[in-house]
Amino acid sequence: MQFPEPRGPLSSALRTGLLTGELSPDTVALAERTAAASTDALLDEDLQLTLAACYELHYRGFDGVDEAWEWDPALLTLRAHLERAHLAALRALVGPVAVTGDPVDRQLTALIAADDGPSLSRHLARSGSLEQWREYLVLRSVYHLKEGDPHTFAVPRLSGRTKAAMVEIQADEYGGGSPVRMHSELFRGLLRDLDLDDSYGALWDRAPAPAFTSVNTMSLFGLHRRWRGAALGHLTAVEMTSSEPSRRYSAGLRRLGHGPATTVFYDEHVEADAVHEQIAAVDMCGSLVDGEPELTADVLFGAACSLALDGLTARHLLDAWAAGRSALRGESALAA
């Protein structure tokens, strides 16, 4: 994919460095200053795009960028500055997460039950316009076109029953061995049906910071062994909270006249995630904390991050639409 358009001095300097093959100490120092000065790292367009670009080197990379950059020490130092700011902002967003003596699956259930974030799925099901749907899909494309991959980084960090449970879940994300049933491929079909570019990374320039914040959190958890518990907690929260919203999303598309060929992405999640819920909470997270009880807090933190970032994304979209403006970058008004 092409390197996205910069959103500030840091992402501009990073793009120049990666494309020319020279990352100067000044750019690394700029990352440190940017991280220190950011008043809201989770909504900082320059910081989040730069962090996403750093992580993308572990996924599919960029046209014209040497693959050797993936493990370059200077680039990893730059990324670490941004990760520290990102993590600090996550902790501030979710607040303290209490650990009790209950089984971890019950603690996860209680955490989810206490979430009072806005429901984007209800809006899109009941009254979302076609243009609002298209904006939502632009934002979600940053994740869904690599769906499964950020969490899958955690697989080699696990063992035994925990690993087997995670692989069972992730196998469905990748279509159970059928390329056309991969969830990322089903999402591409949804993009095409709503007249959006379905190629990987094509919509990055229009996507706002929350789109990257969500995926960057998954990438951070998956790429650091230290955060393997959070990666599993995050995945579990996704599986435990997506079945009913997916049903609503499917209903919203049908309300706009779309049939099963378009709704299949959400229809698939209604069924699959209902099955995954118990596997994730009991088999995966339960076995993890049975063997490593010290990771319980990380599991709950990862789940809390998933819930809080869903709320952050929903508020970004719903607030923009309520004000009659686009939630995307470079588009000042929402089409009627």
Side-chain angles (χ1 to χ4, degrees), residues 1 60 118-151 169-208 210-212 214-215 218 238-277 306 310 313-314 316-318 320-321 326-329 331 333-336:
M1 60 179 282
R60 304 194 192 182
S119 177
L120 186 60
S121 63
R122 285 192 175 91
H123 171 79
L124 288 173
R126 296 171 179 172
S127 58
S129 67
L130 176 60
E131 193 59 29
Q132 288 174 349
W133 260 99
R134 296 178 81 248
E135 292 202 353
Y136 168 68
L137 295 178
V138 167
L139 189 149
R140 292 299 288 166
S141 72
V142 177
Y143 168 58
H144 283 312
L145 290 179
K146 57 162 57 80
E147 187 167 355
D149 295 344
H151 291 125
I169 294 169
Q170 295 303 87
D172 283 344
E173 303 293 335
Y174 299 119
S178 172
V180 298
R181 298 300 299 179
M182 291 173 62
H183 290 181
S184 57
E185 285 300 307
L186 298 180
F187 187 78
R188 289 185 64 206
L190 176 55
L191 291 177
R192 290 193 298 270
D193 286 353
L194 270 71
D195 298 319
L196 293 167
D197 193 331
D198 71 330
S199 51
Y200 185 88
L203 301 175
W204 274 37
D205 286 338
R206 299 176 63 195
F212 298 99
S214 178
V215 184
M218 299 181 216
V238 171
E239 300 296 340
M240 293 180 72
T241 60
S242 63
S243 184
E244 187 55 36
S246 292
R247 194 185 308 276
R248 295 189 198 113
Y249 288 131
S250 186
L253 288 169
R254 290 196 301 272
R255 178 178 57 80
L256 293 175
H258 294 283
T262 302
T263 65
V264 62
F265 173 77
Y266 292 111
D267 296 339
E268 177 79 9
H269 282 76
V270 170
E271 181 177 347
D273 292 351
V275 174
H276 292 167
E277 179 176 345
S306 175
D310 280 350
T313 297
H316 175 86
L317 290 166
L318 293 173
W321 297 340
S326 172
L328 303 183
R329 288 178 52 80
E331 299 175 36
L334 188 66

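Note that these values count all heavy atoms, side chains included, but never hydrogens, waters or copies made by symmetry. If you read the sequence from its start, that first residue is 1, and numbering goes on from there.
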Using a 3.5 Å distance criterion without hydrogens, assess whether the side chain of [X] forms a donor-acceptor pair with backbone atoms of [Y].
| X | Y | answer |
| --- | --- | --- |
| S184 | H144 | no |
| E135 | A327 | yes |
| E147 | E173 | no |

Distance-only donor-acceptor check, side chains Y143 and D149, under 3.5 Å: no

Donor on one side chain, acceptor on other, H276 and D172, under 3.5 Å: yes

Inter-residue atom distance [X].[atom1] - [Y].[atom2], 0.5 Å rounding:
| X | Y | atom1 | atom2 | result |
| --- | --- | --- | --- | --- |
| L124 | L256 | CG | CG | 9.0 Å |
| I169 | Y174 | CD1 | OH | 12.5 Å |
| Q132 | L318 | CD | CG | 8.5 Å |
| L186 | L191 | CG | CG | 11.5 Å |

side-chain contact (heavy atoms from CB on, under 4.5 Å) involving T241 - partner list, sequence neighbours excluded: I112, L307

Are [X] and [Y] side-chain neighbours, meaning at least one heavy-atom pair lies under 4.5 Å?
| X | Y | answer |
| --- | --- | --- |
| L194 | T262 | yes |
| R206 | L196 | yes |
| H316 | P208 | yes |

Parallel, tilted or perpendicular: rings of H183 and F265 (30°, 60°): perpendicular

Aromatic ring pairing Y136/W133, orientation class (parallel under 30°, perpendicular over 60°, tilted between): perpendicular

Identify, with sequence neighbours excluded, every residue that meets salt bridge (Lys or Arg N to Asp or Glu O under 4.0 Å) alongside [X].
| X | value |
| --- | --- |
| E185 | R188 |
| R181 | E268 |
| R140 | none |
| R192 | D198 |

Pairs meeting criterion salt bridge (charged side-chain N to carboxylate O under 4.0 Å, His left out) with involvement of residues 248-265, two or more places apart: none

